[in-house]
J.: 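Would you mind keeping the following structure in view while I ask a few things?
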Protein chains: 2
Amino acid sequence: MRQKKKSDLLTEVELEFMTELWDLGEGTVRDVLDKLPEDRNLAYTSAATILRILEQKEFVTSRKDGKRHVFKPTLGKDAYQTRSLKDLSMKLFDDTPASLVARLVNDDALTEEALGQIRALVDRRLKNDSG
Amino acid sequence: MRQKKKSDLLTEVELEFMTELWDLGEGTVRDVLDKLPEDRNLAYTSAATILRILEQKEFVTSRKDGKRHVFKPTLGKDAYQTRSLKDLSMKLFDDTPASLVARLVNDDALTEEALGQIRALVDRRLKNDSG
DNA sequence: GAGTAAATACGAAAACTTTCGTTTCACAAA
DNA sequence: TTTGTGAAACGAAAGTTTTCGTATTTACTC
């Protein structure tokens, strides 16, 4: 029996909307629409449709507040970050996170400061694991 | 004058094909098709279309070898990895690579070995920069 | 040159994503 | 209760990606 193929990843526009919701915590169609860049020029009904789809896909839930719907992510941004990294690592880095980081730290555009932060993060994690 | 909006990122299927080409170095439609998973069941003409599109988008070039075309990436896998990471970092990590790594090293699924490798990479880069 | 097996060229169907218009609904103000 | 305003519901148009069919071309064989 074949599954319907749910990629469990957000599309471009879905991610755009989730980003605003993660930032807001929760919000109405109007809230999200107002938060988009000036030049985005998306119709109200389009925004409503995106949120409806996100609800169908269970990335958000909604409750009613008076006559409007308030939408709220069911999936945290951090969880989605992890999911995206896993996907990228699988598709492009042989499922080897270290090689992903290798590519990142070999990027000349990366500042020394960022490198220092990264090392601190790794050290902290290694310390916690052993301690 | 508005640009047509070329995202310079590969679509799902395009990436699937580029991955095989990166692995092969170069190859014909048949070569790539044969390299796909058993259960992929893609028509020959579909594969040919994807490669044609990749050529239009200038991700590959082709030369003729007898009656067939041999396709070859114009963009290295490492360059595309860098590009993808930059995109993900921008869209989901506030354009802060360190926070991307933070999410990665906080993933419980990451092995201690991988962590060690990551630290070694960072150390090497820091050492080279200062030396 | 005619036959044929395999590849290319091209257009378009199918599937999915993004956008929007129209209708319906809910609430509030007169 | 009617009317106006803004939201929701829904379907579908528009845009993009993925898949494939048909026609044509190419190189090889006889």
Side-chain angles (χ1 to χ4, degrees), chain A residues 2-21 24 26-72 87 91, chain B residues 2-21 24 26-72 87 91:
Chain A
R2 192 100 176 71
Q3 266 303 107
K4 198 55 149 313
K5 184 231 185 167
K6 43 183 326 200
S7 131
D8 79 319
L9 285 182
L10 297 163
T11 67
E12 186 96 3
V13 177
E14 284 166 4
L15 175 56
E16 184 187 12
F17 275 56
M18 287 300 284
T19 297
E20 306 303 353
L21 279 181
L24 287 167
E26 59 175 32
T28 64
V29 174
R30 182 63 62 193
D31 293 335
V32 174
L33 194 53
D34 287 348
K35 212 161 167 302
L36 297 178
E38 189 67 43
D39 61 335
R40 182 65 168 82
N41 285 121
L42 191 66
Y44 177 94
T45 54
S46 305
T49 300
I50 298 293
L51 287 168
R52 171 160 52 93
I53 290 170
L54 283 169
E55 186 164 25
Q56 277 169 16
K57 295 189 179 176
E58 298 184 16
F59 285 111
V60 307
T61 48
S62 73
R63 60 183 171 78
K64 265 192 128 174
D65 174 35
K67 70 171 165 180
R68 33 190 175 17
H69 286 176
V70 179
F71 297 90
K72 183 175 180 170
D87 177 73
K91 285 190 182 143
Chain B
R2 194 97 174 73
Q3 265 304 107
K4 198 55 150 311
K5 185 231 181 166
K6 43 181 330 197
S7 131
D8 80 323
L9 285 182
L10 298 163
T11 67
E12 185 96 3
V13 177
E14 285 167 3
L15 175 57
E16 183 186 14
F17 274 57
M18 288 299 285
T19 297
E20 306 301 353
L21 280 181
L24 287 167
E26 59 174 32
T28 64
V29 174
R30 183 63 62 194
D31 292 336
V32 174
L33 194 54
D34 287 349
K35 212 161 166 304
L36 297 177
E38 189 66 44
D39 60 336
R40 182 63 168 80
N41 285 120
L42 191 65
Y44 178 94
T45 53
S46 304
T49 300
I50 298 294
L51 288 168
R52 171 161 53 91
I53 290 170
L54 283 169
E55 187 164 22
Q56 279 168 15
K57 295 190 181 177
E58 298 183 19
F59 285 112
V60 307
T61 47
S62 74
R63 59 183 171 78
K64 265 192 125 173
D65 174 33
K67 72 171 165 180
R68 28 191 176 19
H69 287 175
V70 179
F71 297 90
K72 183 176 178 168
D87 177 73
K91 286 190 182 142

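Labels below follow one simple rule: chain letters A, B, ... track the order of the sequence lines, proteins then strands, and each chain is numbered from 1.
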J.: Between C:dA9, D:dA9, D:dG11, which nucleotide has the shortest distance from any of its atoms to the side chain of B:His69?
T.: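 Nearest listed nucleotide: C:dA9.
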J.: Categorize A:Ile53 for me: base, sugar-phosphate, or nothing, with a 4.0 angstrom heavy-atom threshold over every strand shown.
T.: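 Touches a base.
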J.: Given D:dA8, C:dT19, C:dA7, which nucleotide is nearest the side-chain atoms of B:Arg68?
T.: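 So the nucleotide nearest the side chain must be C:dA7.
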J.: C:dT19 C1' sits how many Å from A:Arg40 CZ, rounded?
T.: 9 Å
J.: Give the rounded distance in Å between these two atoms: NZ of B:Lys57 and C1' of D:dT16.
T.: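 Taking atom C1' of D:dT16 as the reference, NZ of B:Lys57 is at 9 Å.
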J.: Under 4.0 Å, heavy atoms only, any strand: does A:Thr11 hit a base, just the sugar-phosphate, or nothing?
T.: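 Sugar-phosphate contact only.
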J.: Given that B:Arg52 and A:Thr28 both sit by DNA chain D, which one's nearest nucleotide is further toward the 5' end?
T.: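 So the residue in question is A:Thr28.
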J.: Provide, to the nearest angstrom, the distance between the CG atom belonging to A:Asp31 and the P atom belonging to D:dG6.
T.: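 Atom CG in A:Asp31 sits about 16 Å away from atom P in D:dG6.
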J.: Measure OH/A:Tyr44 against C1'/C:dC25 and give the value in whole Å, please.
T.: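 Result: 12 Å.
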J.: Indicate whether OP1 or OP2 belonging to C:dA7 is found under 4.0 Å from a side-chain N or O atom of B:Arg30.
T.: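 Yes, within the criterion.
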J.: Between atom OG1 of B:Thr28 and atom CG of B:Asp65, what is the distance when rounded to the nearest 0.5 Å?
T.: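 CG of B:Asp65 is found 9.0 Å from OG1 of B:Thr28.
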J.: Which pair of heavy atoms, one from A:Tyr44 and one from A:Arg30, lies closest together, and at what distance?
T.: CD1-NH2, 3.2 Å
J.: For A:Glu12 and C:dT18, give me the distance from atom CD to atom P, rounded to whole Å.
T.: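 So the CD-P distance, A:Glu12 to C:dT18, works out to 7 Å.
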J.: A:Phe17 and A:Leu42: side-chain contact (heavy atoms from CB on, under 4.5 Å), yes or no, with the steps?
T.: CA-CA 12 Å; A:Phe17 275 56; A:Leu42 191 66; 3.8 Å; yes
J.: Given atom CG of B:Asp65 and atom P of D:dC28, what is their separation to the nearest angstrom?
T.: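 Going from CG in B:Asp65 over to P in D:dC28 covers 11 Å.
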J.: Relative to the 5' end of DNA chain C, which residue comes earlier, A:Lys64 or A:Val13, by the nucleotide with the nearest heavy atom?
T.: A:Val13
J.: Any base atoms under 4.0 Å from A:Leu42, or only sugar-phosphate, or nothing? Heavy atoms, all strands.
T.: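 It contacts sugar-phosphate atoms only.
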J.: Taking all non-hydrogen atoms of both residues, which atom of B:Glu55 and which atom of B:Thr61 are closest, and how far apart?
T.: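 Shortest heavy-atom contact: OE2-C, 4.0 Å.
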J.: Looking at A:Thr49 and C:dC20, is any side-chain donor or acceptor paired with a base atom of the opposite kind under 3.5 Å?
T.: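 It does, because a donor-acceptor pair links the side chain of A:Thr49 to the base of C:dC20 below 3.5 Å.
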J.: Can you tell me how far P of C:dT17 sits from CG of A:Leu10, to the nearest Å?
T.: 11 Å
J.: Can you work out whether B:Val29 or A:Ser46 has the more 5'-proximal nearest nucleotide on DNA chain C?
T.: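 Closest to the 5' end, via its nearest nucleotide, is B:Val29.
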J.: Measure from CG on A:Leu15 to C1' on C:dT17 and round the result to the nearest Å.
T.: 14 Å
J.: How would you label the contact of B:Ala48 with the nucleic acid (heavy atoms, under 4.0 Å): base, sugar-phosphate, or nothing?
T.: nothing
J.: Output the distance between atom CG (B:Leu10) and atom NZ (B:Lys57), rounded to the nearest 0.5 Å.
T.: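 One gets 8.0 Å once the value is rounded to the nearest 0.5 Å.
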J.: Out of C:dA26, C:dC20, D:dT19, which nucleotide sits closest to the side chain of A:Lys67?
T.: C:dA26
